[in-house]
Amino acid sequence: MSVDIQGLSIAIGGVSIVGDVDVHIASHSRVGLIGASGSGKSMIARAMMGLLPTAATLTGSIRYEGDEIVGMDDRALADLRGRYVSMVFQNPGSVLNPVLTVMQQVMLPLALHFNLSTEQRRARATAMLAKVGLNESFGNRLPHQLSGGQQQRVGIATALVGAPKLILADEPTTALDSITQRQIVRLLVSLVDEAGASMLFITHDFSVLAHATENCYVLDSGRVIESGTTRGLLDHPRTPQARQLVHAARKLTLRADSGEDDDVVDHEADAEPSTFETPDSDVVRASPDASAQPATTVRKER
Amino acid sequence: MRFLLRRLALFVAALAVISILIFMALRVLPGDVASVMAGTDSPPERVAALRSQLGLNKPLIGQYLDWSWALLHGDFGVSTLTGRTISAQVGARVTVTFPLIVMGLLVAVVIGIPLGCASTLAKSGRVRAFLHALAIVGGSIPALWGGSLLILLFGRGIGLVGLFPSQGFPQEGWAAFSRALASLVLPALSVGIIVGSGLMRYTHAALGELLSSGTIDMAMACGMTRTRAVLTVGLRLAMPQLVSVIGLTFAEMITGVMVIENLFNIPGLGQGLISDLGNRDLIAVQGELFMLAAFFLVIGLVVDLLHRALDPRLNDFAERTR
Amino acid sequence: MKGNAEFSNDGLQGAAVDSVPMVRADHVSKRFSRSVDGRQALCDVSLQIKRGESVAIIGGSGSGKSTLVRILLGLETADSGVVEFRGKPVRDKRSPGWRALRRESGLVLQNPFTSLDPRWSVARSVAEPLRVIGIRGHTAVAAAVESALRQVGLEAGRFMTRYPIDLSGGQAQRAAIARAIVAGPALLVADEPMSAIDVAARLQILEAFTALRSARPDMALIMVSHDLGVVRRIAERIIVLHEGCIVESGSTAAILEHPQHAYTQRLIEAASL
Amino acid sequence: MTILHSIWARAQGRYALTVISLWIFTALVSSLWTPHSLWATDGYNVWAAPSADHWLGTDGTGADVFSWLMAGSGTNLLIVILTVSVSAVIGLLLIAAMVSGAVMLSGVTVVAVDALISIPTVLIALILAVPLGASIAVIVIACGLGYGLNLARVARPQALLAARSDYVKAAGAAGISPLRVLLTHIVPNAMPTMSVQLSLSAGTAVLAESGLTYMGIGVPSGVPSWGHSLATSVKFINVYPLTVLWPGLIVTAVVVALNLFGDALREAADPVANPALRQVRQRQARPEPAQPRQERS
């Protein structure tokens, strides 16, 4: 699904949060939206989902495959949400419904948009949970009984079960530790590509963006200040704010080789992720890219 | 499970504490119970007879044990004034007070919860402000005044629009069902409106909190409209709080009921208790107070357990309380 | 289970044996308070940290690193094993070394927005530890607060009277660091100080810590994190914790160049751009 | 002063402040002067309609209704102040127990509060009325106990949140004593909820006074109070409906004012919610440090 955002401005109580933003997402493409906290990036995603707080005022246009959604009433927007556009949230722990089991949560969008028998819904939800690496035993668990990574997998499963054409990932990895972060990004990318959907990935961390998106927009206090391919931006950021974000990302991460960091990034391909059985989170399916390294499972003898 | 046992144990302990409190309250009277009950100028032998009849000359502990043992068998003793057993006397009054409380609660829930939701969900700020103001004013009217206004408006005989009886309760009680019910309408309304506005404010607060939580956003992201998300997911999550609020409202309601029963001259527990207290029929008062206290402790227990059952996190949390 | 004593003292033999180590833990173990499968939060952990040394404790969520830190600070009691601060045990409130540890240690927590009392001004929060070391005079307190704020790069005049709600993530965390160092501690512990703030602010915090390292060479630093990239510039030594056990430990360069354990390799892979 | 200023800024706050200050003013004046002496009864002028001489008319005994209501305001003010302080003390003690480290103490207190809270205040009042008879003490103790329990229950989430927060952990790690942590961190952070609850309880205390006095276990018969005026006028409602209006109006107006004052107080007294409070404390803080300012970061 292609998305065209033109002249989007959002204000809450007279204070402008987002000012005249233009964003284009081609179908089957993964686009990043990066900016420091408070730059208004989450607000843009919420506007695309019709989840803006009631006090917010919105101008400009957001078109999905040419259909304008700004000005649509909540009922029409609700039919879109979960069916054509869905969202993965930042803190799954505080967003997942505490009284619904994992299975009930994942089946919710199906119940709202498709008239399937309970078995069909259950089967489709179970298949989706398997895809995100959660086996049967997780079905009747409650959110507070899951780890952060597992909660986010349920969030992703719920977002993707209705086979939407556009996924909005609002800082899906910020609340997770580094290893789980990489797993979740890899999982999202593989599932989005597999479903042929497009994705808007929102974060403040370039190192996460580098793995998740092909091109991206840089946001600073509500304005798009730069855009281009993610790799291009990483190598030659033009505006000072983008440069600062890249600089910070470089300083706070390791090079692929752990020699002293220099400003030029060497381009050898990332080490292919392999399958590791990690006790504190579940088995990660090797991503479908061709050259998967042989699975080397190394466990320290106890 | 562990929590259930602890809660039951405490329920019994609270019951014991209350019974001791009530028992002591009567015994700490200036002067002696028997002489007070017999009346100031009654001859000494009447007082002595009363004393032995009530077993007052036994040590305090003995008296308390006799009383509590009788309580366990549901025997609340005999009223010295009317000669009837207290449990019979109270039984008759309960058949009036309980329906009144239930009708009052119905009115409160019908007013409180929908208006509470509306005051959170309403699109226009003005409607929200008006409903909020309504809740505050509604909650600030003294039961006494509310009742009298209703009498002035709707009371038969004096009210502008004589719809409902403004006094009394049919002698034959519920046999004359329609008249009995009609006579409870105004009292139930006056209790219900006041308690309803309290409920409305609690619902508003509980829902308001929920609106800001992400769970509503998640439900909307799955495909629900905002209103549907709030009314289904929101209310379900607010349920534990609402249940404990309704429990609390039930307890608050008894104050209103006691006042309203006296205002409308309804022969219920409230009016009975006040008159027994007035004519110093202390044994009756002692029994009635205990029964009321036990009734409300049971309500508290039920509400607490319901609260735990409705919120999975709580009973899980209770299992692994850090 | 191989005793991992040899992990704790490799690379130390060469260093001149300092007086008593600043922090010492010996075979510390701790079970989860209600662990279902008997899994241990910490299994037989031993380590030593010298005066002025900067050590990073790395591990994913659930690796027990925060529990370890709380035990080292005497804020939690281990099921078994010994923990000492300057040679004196600090098992719990009654242990001889506990009071000294309180006075001479500073703690920085993960989320800047919850680690400052929202109803206290920055100056009052930063000044709080001074009471314990007996600095009560108004001018003395103000001077100490100002110098602490300056050390973390916050301009005293502007920030002292601000409230947490008016601060950005980076500023709030730096104020929390100022609070931790205002009483001149011998040991500073930072429990994942950068994971709750965005990347740009993280850099400011990193700079604040590096400035502190040079300004106070004899203050020992324990930095807990799940991100190797963050600690690389701060720690001289890295201890890798996985499922409650030290799986690898050594100098930063050694760990980054030749990671032995698979888990360390995955941590490195997770932290590379 | 800034707190009052911020309350005054809002319409609700203005109404609340005017009514409450009027109430306090009348209470003080009434202790010195009332238009007519309370005991000046006039057999011929019974149930008179409002007139120049008797602004609100006279009651069953010919005494001036307005003077009784004025005098009543003093009693009610006393009852409210006593009840709120008793419930504040009980509430704080319970909260201290509930957030205390000792699991036994906090566990038992939590469950005890949940159990005892279901006992309505009127029942406690009735139990107390047996030995004490009708007296202000009955109202104050019964309401104080009941609202203290309620205060502890309502403020418990905030207090627990604060007790388990990072800033309390940091204070503990710095060696601050648990008592000092309670008084300087936990109570102030529970204060916004408590201030609302206390002003709600003040309102409910006024309502309770009118109920209990009507039932004969509140204010003794000779003592003037709004409840007393309401109770006497209600008895003759079918004959003189007008007289019931005044006491009811006053009580409702005052209780509304107390509720609004609570809501306004929560925003005004809380530096987190009230930016004006933060600016003021900045001006009061030490003047700018003298030494040259160098921007470092």
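Note: hydrogens, waters and symmetry copies are ignored here, and every other heavy atom, side chains too, is used. Protein chains get the first letters and strands the later ones, always in sequence-line order, with residue 1 at the start of each.
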Nearest heavy-atom approach of D/A112 to B/L10 is CA-CD2, 3.5 Å
Under 4.5 Å to a heavy atom of chain D? For B/L263 that would be both
Heaviest contributor of heavy-atom pairs below 4.5 Å to chain D, chosen from B/Q271, B/M258, B/Q286, is B/M258
Bottom line for D/I124: the part with an atom under 4.5 Å from chain B's heavy atoms is neither
Taken in chain and number order and not counting sequence neighbours, the residues that satisfy salt bridge (charged side-chain N to carboxylate O under 4.0 Å, His left out) with D/R10 are D/E267
Under 4.5 Å to a heavy atom of chain D? For B/D304 that would be side chain
CD1 (D/I119) and CG (B/L297) are apart, to the nearest 0.5 Å, by 4.0 Å
Query - Side-chain touch B/I141/D/V251, heavy atoms, less than 4.5 angstrom - result: no
Okay, B/A293 and chain D: the region with an atom under 4.5 Å from a heavy atom over there is both
If one checks every heavy atom of B/L277 against chain D at 4.5 Å, the contacting part turns out to be side chain
Scored by heavy-atom pairs under 4.5 Å with chain D, the best of B/A14, B/A133, B/P142 is B/P142
The complete set of salt bridge (Lys or Arg N to Asp or Glu O under 4.0 Å) pairs with one or both residues in residues 124-135 of chain D, sequence neighbours excluded, reads none
Any donor-acceptor pair under 3.5 Å from B/W145 side chain to D/V244 backbone:
yes
With sequence neighbours left out, the residues meeting ring-ring contact (aromatic ring centres under 6.0 Å, His included) with D/W23 are D/W226
Whatever's closer than 4.5 Å to a heavy atom in chain B on D/A253 counts as neither
Of D/L123, D/V122, D/I127, the one forming a side-chain contact (heavy atoms from CB on, under 4.5 Å) with B/L292 is D/L123
Could you check whether any side-chain heavy atom of B/I274 comes within less than 4.5 Å of a side-chain heavy atom of D/L126, counting everything from C-beta outward?
yes
Looking only at D/L249, D/L132, D/V234, most heavy-atom pairs under 4.5 Å shared with chain B are made by D/L249
Most contact-rich option vs chain B, by heavy-atom pairs under 4.5 angstrom, among D/L230, D/T121, D/N150, is D/L230
Among residues 202-217 of chain D, those lying within the under-4.5 Å heavy-atom range of chain B are D/L207, D/S210, D/G211, D/Y214, D/M215, D/I217
Under 4.5 Å to a heavy atom of chain D? For B/V137 that would be both
In terms of heavy-atom pairs under 4.5 Å with chain D, the winner among B/V285, B/N262, B/L273, B/L301 is B/N262
To the nearest 0.5 Å, atom OG of B/S148 lies from atom CG of D/L245 at 9.0 Å
TODO: Find out whether B/R201 and D/L200 are in side-chain contact, i.e. whether some heavy atom of one side chain is under 4.5 Å from a heavy atom of the other.
DONE: yes
